[in-house]
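Structure first, commentary second.
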Amino acid sequence: MAKFADVIVDVATQDTNKTFQYQIPNQLADLVKRGSRVEVPFGRRKIQGFVVNIKSTSSFSGKTKNLLSVIDEFPPLNSELLQLSDELAKHLFTYRISVIQTMLPNVLKANYQRFLQPTETISESTYQQLFQNQKTNQLPLNQIKDYDLIKLIQKTLQNKETKIVYQVKNKAKDKVATQVELGLGLSIYQKVLETTKANATNQQKLLKFIIQNPQKFPIFQTQLTKEAQLPVSFLSEAEKKGWLTRSKVQINRDPLANLTVSKDTNPKKLTTEQQEAVEAINQPLDNSQKRVFLLEGITGSGKTEVYLQTIAKALGKKKQALMLVPEIALTPQMVRQVFARFGSKVAVLHSGLSDGERYDEWRRINGQEVDVVVGARSAIFAPLQNLGLIIIDEEHESTYKQEENPKYHAREVAKWRANYHQAVLVLGSATPSLESRARAQKNRYQLLLMTKRPTQLALPQVDLIDMTQAHFSSQLDLSDELIAGIKQTIAQKQQVILLLNRRGYANFMLCRDCGYVLKCPHCDISLTLHKDTQQMKCHYCGYETSVPKQCPECQSTRIKFFGSGTQKIEELLQQILPESTILRMDVDTTRRKGGHQKILDAFGNHEADILLGTQMIAKGLDFENVTLVGVINADSGLSFPDFRSSEKTFDLLTQVSGRAGRANLPGKVLIQTYNPDHYAIQLAKNHNYEGFYQKEMAIRRQGQYPPYFYLNLITVTSKLEQKAAMAAFKIKSLLKKELSDQALILGPTPQAVTRLKDHYYYQILIKYKVEPKLYATLNTIKAQAFDSKKDKVNIYLDVDPYQFN
DNA sequence: AGCACGCCGACT
DNA sequence: GTCGGCGTGCTC
């Protein structure tokens, strides 16, 4: 009997966001599985899709087409991920194909090629013009720019001298290497060596190498030529003589090849608090029960050791473990620790991997060859089939929320997967998100507290510098008190970390005659001066232009630059402390691969006295010799129009404070602020997370924000401001009509940055507790957006938004 | 997304 | 007349 496949096609639009049915031809019957990646005809084209179901009847009223081929030998999606992709797409109001693509490594994305082919009726001259340089009668069409050529091709297509063929190319390439094996019995090589001529040096080199190192075979060709110092060409000669045989073998790219594994493989002795945490987590692990823990432990309390020992427990129960860390914390040091403990059973997924490396790691996971996966946000989709434990370190980090579609939160996906597998989920943080901490309060999560540092080291002394009262002898960004602290620390041959949350040199250019401010032509925000490259840059869209010498408006030369970024502070510090060495770390100095690590290594080796950087320096760095941490602008985050700005400021200050004083040197923290009485700053000074939690909860309740209310953010955008505004008001009235009066509907308001990349943005924020009709209403709104495609209006939905703009 | 079809203004 | 611009609708 004929079989049919339900296929999600690789076209991310509203009206293709459903399954399409194809008949499975007999010869593919055994190959097509649920989760298979397949090639299908779609209109005139051939495209890629994913089989989500196989059934014996078709419900399609038209004529079903045949599946063309199955792309991979094993299906990339298992039934868990198929179900998750469906539910996630619905929950996030996004396309299922988009969710599937974020679950899988990049190389599984389709790569389409179009070729022009001659037909039988082609004339000799057309053939000469189009195909004489092509080896296979195929002209690749994808990047033809020559207008005359395009016109010629169109003409030949019209009179049917040529036709277009479509191809789905598989980008996933297995990496192969040449392996060399011995072709003769071991005892024979000595005799062969005696028969070689005296001047046959390559032959002698190879034979001696074989005789001395027989245990090294089979060996990779690259390794053999290096170790025996032979040219590759000689190996084919040796192969002809029958001395060696060569074959291609598939290998995995090893992203950790040059990682020195530390010897520290044994579990560390636990403090009482750690022991209690480990035992609490082990209990449901032992009984295969699902449970969520919130591990609230101050910086330096040893959360990592708790993670490692509970992972060991999961492995002992023949279960697998998945650990998420923020990208920035996924450093070689951290990976090394996990590797030391669990060896080759570990796979690592981070953004530093090439597409090929990532694919190899993913395949090891999908083949269930590993038991532990460590990775950043998207690793939450790692296809482990026997999950027992999921850990999210620094669970409050906003990097776990993806800001592009699909706008998922890894923590929410983790909950779904833990539930699916009846697994244990551990959320760890020194400063838990209010949402998680509140759930622990209501016993939805089990709270585990760790309040002590194993080394008995006191938390650093934190002093606030009131910038409204401070003295400044040089300029207004660095107070005398902070400079004195830096000088004193350097004099004692100790190191300083300085945090400044603003990159670039100066963040706006003002004409003092006419008041003109230089803005990005695509976005509505001022351009930032970057002195090293002598460019004005837009930090939103990346637009760059040269630094003006005169005002573009009134031609005055009285131009001034305001606002200090990392580049300017670096320059100032160098003036004030000419004999100190400074390392700057921000997006601009770490863009290259490994740039990040280079700076950290240099600082760790005490090649510099001061590390100056944006918030990327706040996380997870441990430098024994750092005794002073300075925060140059503690308030900069507070002024953002974001209800989480206090929480973010508190987290950042707490974290950066944790960088001061390790080992036997006491640390000190100096925070410059214009709001010394602000509760986030006061409570961070006193290392008082619980106090902050109480205070901030009261404010959230009052402001009707999470965790008391849920949020949904609707963004309406258009190139035409009028259209965006009108659509936004229509949406608001629909919401008003459909939702209960318990729901708060704010807006529409133009975004803080009204125009971005030549589009205008209007936002509507919905706050609610229980709204049974909300889901259906939002779906209607999305469908209408599709209707109003001619109005050139787009509508984006963000469930549980983290970025407000 | 692409790709085709169909309708209207502009030019060989 | 016909070329080519773009709006509209469809893909199992």
Side-chain angles (χ1 to χ4, degrees), chain A residues 1-26 28-29 32 34 36-71 86 89 94-102 106 108-117 140-160 162-169 171 404-406 718-720 723 782-796:
Chain A
M1 192 167 55
K3 290 233 169 182
F4 297 88
D6 279 338
V7 175
I8 294 289
V9 295
D10 181 28
V11 181
T13 62
Q14 196 78 29
D15 46 346
T16 50
N17 188 31
K18 56 174 185 175
T19 57
F20 285 76
Q21 301 177 43
Y22 290 88
Q23 196 170 133
I24 304 172
N26 284 336
L28 294 181
V32 180
R34 279 191 79 213
S36 286
R37 190 162 60 122
V38 291
E39 190 187 3
V40 294
F42 198 65
R44 185 157 291 251
R45 299 177 290 159
K46 276 183 205 168
I47 59 168
Q48 171 176 299
F50 291 89
V51 175
V52 297
N53 212 357
I54 294 175
K55 54 197 190 179
S56 48
T57 55
S58 160
S59 54
F60 182 54
S61 56
K63 194 178 170 336
T64 53
K65 295 182 179 177
N66 273 0
L67 277 183
L68 297 172
S69 68
V70 179
I71 302 175
D86 185 34
T94 187
Y95 311 124
R96 192 166 179 194
I97 189 67
S98 312
V99 177
I100 289 173
Q101 273 170 354
T102 49
N106 259 336
L108 297 188
K109 272 197 203 134
N111 181 222
Y112 298 108
Q113 258 286 8
R114 291 154 67 237
F115 292 99
L116 194 71
Q117 276 183 2
L141 288 176
N142 283 34
Q143 56 265 32
I144 293 180
K145 298 257 159 57
D146 180 346
Y147 188 64
D148 290 335
L149 187 56
I150 292 172
K151 273 174 92 172
L152 174 66
I153 289 170
Q154 283 178 350
K155 197 159 264 158
T156 61
L157 278 168
Q158 231 155 51
N159 62 26
K160 304 232 160 49
T162 59
K163 61 181 179 187
I164 291 176
V165 293
Y166 299 83
Q167 238 185 60
V168 180
K169 272 179 81 179
K171 278 192 286 186
E404 299 88 55
N405 268 324
S718 173
K719 276 198 174 190
L720 307 163
K723 299 244 181 201
K782 271 234 121 177
Q784 282 182 353
F786 173 66
D787 253 8
S788 62
K789 188 162 71 172
K790 44 188 163 294
D791 292 343
K792 302 212 161 90
V793 173
N794 276 314
I795 292 175
Y796 302 101

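Per chain, numbering begins at 1; letters A, B, ... match sequence-line order. Model, not experiment: these values are computed from the prediction. The figures that follow rest on heavy atoms only: side chains count, while hydrogens, waters and symmetry mates do not.
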### Message
Distance criterion of 3.5 Å, no angle test: do you see the side chain of A:Arg44 paired donor-to-acceptor with the base of B:dA4?
### Response
no

- Check every strand shown and say whether A:Ser58 touches a base, only sugar-phosphate, or nothing at a heavy-atom separation below 4.0 Å. nothing

Using a 4.0 Å heavy-atom cut-off across all strands, classify A:Thr13 as base, sugar-phosphate, or nothing.
base

Roughly how many Å is it from [atom1] in [X] to [atom2] in [N], rounded to a whole number?
X        : N      : atom1 : atom2 : result
A:Lys46  : B:dC3  : NZ    : P     : 13 Å
A:Phe20  : B:dA1  : CZ    : P     : 14 Å
A:Ile97  : B:dG2  : CD1   : P     : 13 Å
A:Asn17  : C:dC10 : CG    : P     : 18 Å
A:Asp15  : C:dT11 : CG    : P     : 10 Å
A:Tyr22  : C:dT11 : OH    : P     : 10 Å
A:Gln21  : C:dC12 : CD    : P     : 12 Å
A:Asn794 : B:dA1  : CG    : C1'   : 14 Å

Exercise. A:Phe42 ring centre to A:Lys46 NZ or CZ under 6.0 Å, with the angle to the axis within 45°?
Worked result: no

Hey, is A:Phe42 doing a stacking thing with C:dT11, by the 5.5 Å centroid and 30° angle criteria? yes

Between A:Lys723 and A:Ser718 the two heavy atoms that sit nearest each other are CB-OG, 3.8 Å

TODO: Could you tell me whether the side chain of A:Gln23 and the main chain of A:Ser58 form a donor-acceptor pair under 3.5 Å?
DONE: no

Which of A:Arg34, A:Lys18, A:Lys55 passes salt bridge (charged side-chain N to carboxylate O under 4.0 Å, His left out) with A:Asp6? It is A:Lys55

